[in-house]
Amino acid sequence: MSQSSKVSVSLRLRPPEDEAVPGDWKKVYQTHASDDEVIVTVLNPKDPSAPRREYLLDTFLPPDTTQQDVFKQVAKPLCDNVIAGFNGCCIAYGQTGAGKTYTVVGETEGTKGIAPRAAEYLFEQIKRNEHTKTTTVEMSFFELYLEHPYDLLTSSDASPVVKKGRQSRHDQDEGGIALPASMRAPTPPVSDKPYSAPGSARDLSHYVPKHALAVREGPEGVYVEGLKVVEVTSADEVSRMLETGMTRRATFDTRMNERSSRSHSIVFLRVTQTSK
């Protein structure tokens, strides 16, 4: 980012799925905006006397904010900085079912998320500057699952999708999570007791997939060794690779999300420009 930029915090409020009255979500918060910040006060509509919580933000995005507006307010400034020669990073953080994947990737052509819209915007700017600059764009897409990185652009290295199901005892953990061949332990323990770990329902850390990549540190910083880097020439190529990569992510159904992402995914676009 440019020297005048800072870390910016934006909050997107997801509308409740079981909302009885349209717009009823407005009862759970109040906003107070100034020129450069927003104070959001979270209310308890069932108990007006309950303590209120206040959050200081750079941008507040209410439930009726469109995907296009999210991009313009959150990601477009980062893209402008990238075109200007600076690094940019956008991180989606939230609990299961909060809408992170929807915000970043989207679902349909009309609800495209930040990543495909950023690609469209970048290639529009590249087209505009093609007479004065030669630009190449390279893409990588990987996930961190069970603390191991997997290349989502290479099918043989992608981590398998974890689904709810029942296989033979030696093909799953005690909680009914189907484990693919690359993640099965050579001699699975036979026990009626579940594997447990602090903060998680099941401990699958002893299942080390065969195709996990390695994180290294070199002269240019931290990198993933062996990660596939693909040169892309259009936003459509980026979208197709995003769609393909998303089908290879590790997922598992939860009470809050029938297809919850069980990993952290990272989309990386490297833009290189030279003057003609």
Side-chain angles (χ1 to χ4, degrees), residues 1-12 33-38 55-61 65-94 100-101 103-106 112-144 149 151-153 213 215-225 227-242 245 264-276:
M1 298 182 69
S2 65
Q3 293 180 354
S4 61
S5 299
K6 62 176 183 178
V7 175
S8 179
V9 180
S10 302
L11 172 65
R12 188 180 195 184
S34 62
D35 293 338
D36 58 353
E37 63 184 18
V38 180
Y55 300 91
L56 181 63
L57 309 165
D58 293 283
T59 309
F60 175 67
L61 307 169
T65 304
T66 65
Q67 293 281 73
Q68 176 66 8
D69 287 338
V70 172
F71 167 73
K72 286 182 177 180
Q73 296 187 57
V74 176
K76 183 177 177 294
L78 295 176
C79 294
D80 289 332
N81 280 328
V82 169
I83 293 297
F86 299 95
N87 293 326
C89 179
C90 184
I91 301 174
Y93 177 83
K100 301 182 295 297
T101 301
T103 296
V104 175
V105 180
K112 289 181 293 187
I114 285 175
R117 291 179 189 273
E120 290 179 353
Y121 182 74
L122 286 172
F123 279 102
E124 288 173 2
Q125 301 308 306
I126 291 171
K127 180 70 174 178
R128 182 175 300 177
N129 299 328
E130 64 180 354
H131 297 298
T132 59
K133 295 180 180 180
T134 299
T135 305
T136 59
V137 181
E138 297 172 311
M139 176 179 176
S140 297
F141 189 20
F142 67 100
E143 70 174 351
L144 295 174
D151 195 336
L152 295 176
L153 298 184
L213 303 179
V215 178
R216 307 292 188 191
E217 185 172 6
E220 297 184 359
V222 178
Y223 66 97
V224 179
E225 186 178 41
L227 183 65
K228 186 175 182 178
V229 179
V230 181
E231 183 174 344
V232 289
T233 58
S234 69
D236 288 339
E237 283 187 62
V238 174
S239 294
R240 285 196 296 270
M241 282 193 272
L242 278 174
H264 304 284
S265 67
I266 299 174
V267 182
F268 183 80
L269 294 176
R270 181 190 295 273
V271 179
T272 305
Q273 300 179 108
T274 56
S275 298
K276 289 186 175 181

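All values derive from a computational prediction rather than experimental measurement. Starting from 1, each residue takes its place in the sequence as its number.
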### Message
Assess the residue pair Val137 and Leu122 against the criterion (side-chain contact (heavy atoms from CB on, under 4.5 Å)); give the C-alpha distance rounded to whole Å, side-chain angles, the decisive distance to 0.1 Å, and a yes or no.
### Response
CA-CA 9 Å; Val137 181; Leu122 286 172; 5.8 Å; no
### Task
In sequence, state the C-alpha distance, the side-chain angles, and the governing distance for Glu237 and Arg240, and then conclude on salt bridge (Lys or Arg N to Asp or Glu O under 4.0 Å).
CA-CA 5 Å; Glu237 283 187 62; Arg240 285 196 296 270; 5.1 Å; no
### Lys76/Asp80 under salt bridge (Lys or Arg N to Asp or Glu O under 4.0 Å): CA gap, chis, key distance, verdict
CA-CA 6 Å; Lys76 183 177 177 294; Asp80 289 332; 3.3 Å; yes
### Message
With side-chain contact (heavy atoms from CB on, under 4.5 Å) as the criterion, how do Asn129 and Thr135 come out once you've worked through the C-alpha distance, each side chain's angles and the decisive distance to 0.1 Å?
### Response
CA-CA 9 Å; Asn129 299 328; Thr135 305; 5.9 Å; no
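Heavy-atom minimum distance, Phe123 versus Val232: CZ-O, 3.7 Å. When all heavy atoms are compared, the tightest approach of Phe141 to Leu242 is CE2-O, 3.8 Å. A pairwise comparison of heavy atoms in Gln67 and Gly113 identifies NE2-CA, 3.7 Å as the closest pair. When every heavy atom of Pro149 is checked against every heavy atom of Phe142, the shortest pair comes out as CB-CD1, 4.3 Å. Taking each heavy atom of Arg12 and Thr65 in turn, the nearest pair found is NH2-O, 3.2 Å. Here the closest non-hydrogen pair linking Gly88 and Leu78 is CA-CD2, 4.3 Å.
Here the CZ atom belonging to Phe60 is positioned 11.0 Å from the CD atom belonging to Gln73, to the nearest 0.5 angstrom. To the nearest 0.5 Å, atom CD of residue Glu124 and atom CD1 of residue Ile83 are 10.5 Å apart. Atom CG of Asn81 is separated from atom SG of Cys89 by 12.5 Å, given to the nearest 0.5 angstrom. Put simply, OG on Ser140 and CD1 on Ile266 are 10.5 Å apart, with the number rounded to the nearest 0.5 Å. The OG atom of Ser239 sits 10.5 Å away from the CZ atom of Arg117 when rounded to the nearest 0.5 Å. Between the NZ atom of Lys228 and the CG atom of Leu152 there is a distance of 11.5 Å, given to the nearest 0.5 Å.
Put simply, the side chain of Lys276 gets close to the backbone of Glu130: a donor and an acceptor are under 3.5 Å apart. For the pair Ser275 (side chain) and Lys133 (backbone), a donor-acceptor distance under 3.5 Å is absent. Side chain of Lys100 to backbone of Ala92: no donor-acceptor contact under 3.5 angstrom is found. Remark: the backbone N or O of Ser10 is not paired with any side-chain donor or acceptor of Asp58 at under 3.5 angstrom.
Of the residues listed (Leu11, Asp69, Val74), the one engaging Leu61 in a side-chain contact (heavy atoms from CB on, under 4.5 Å) is Val74, and it is the only one.
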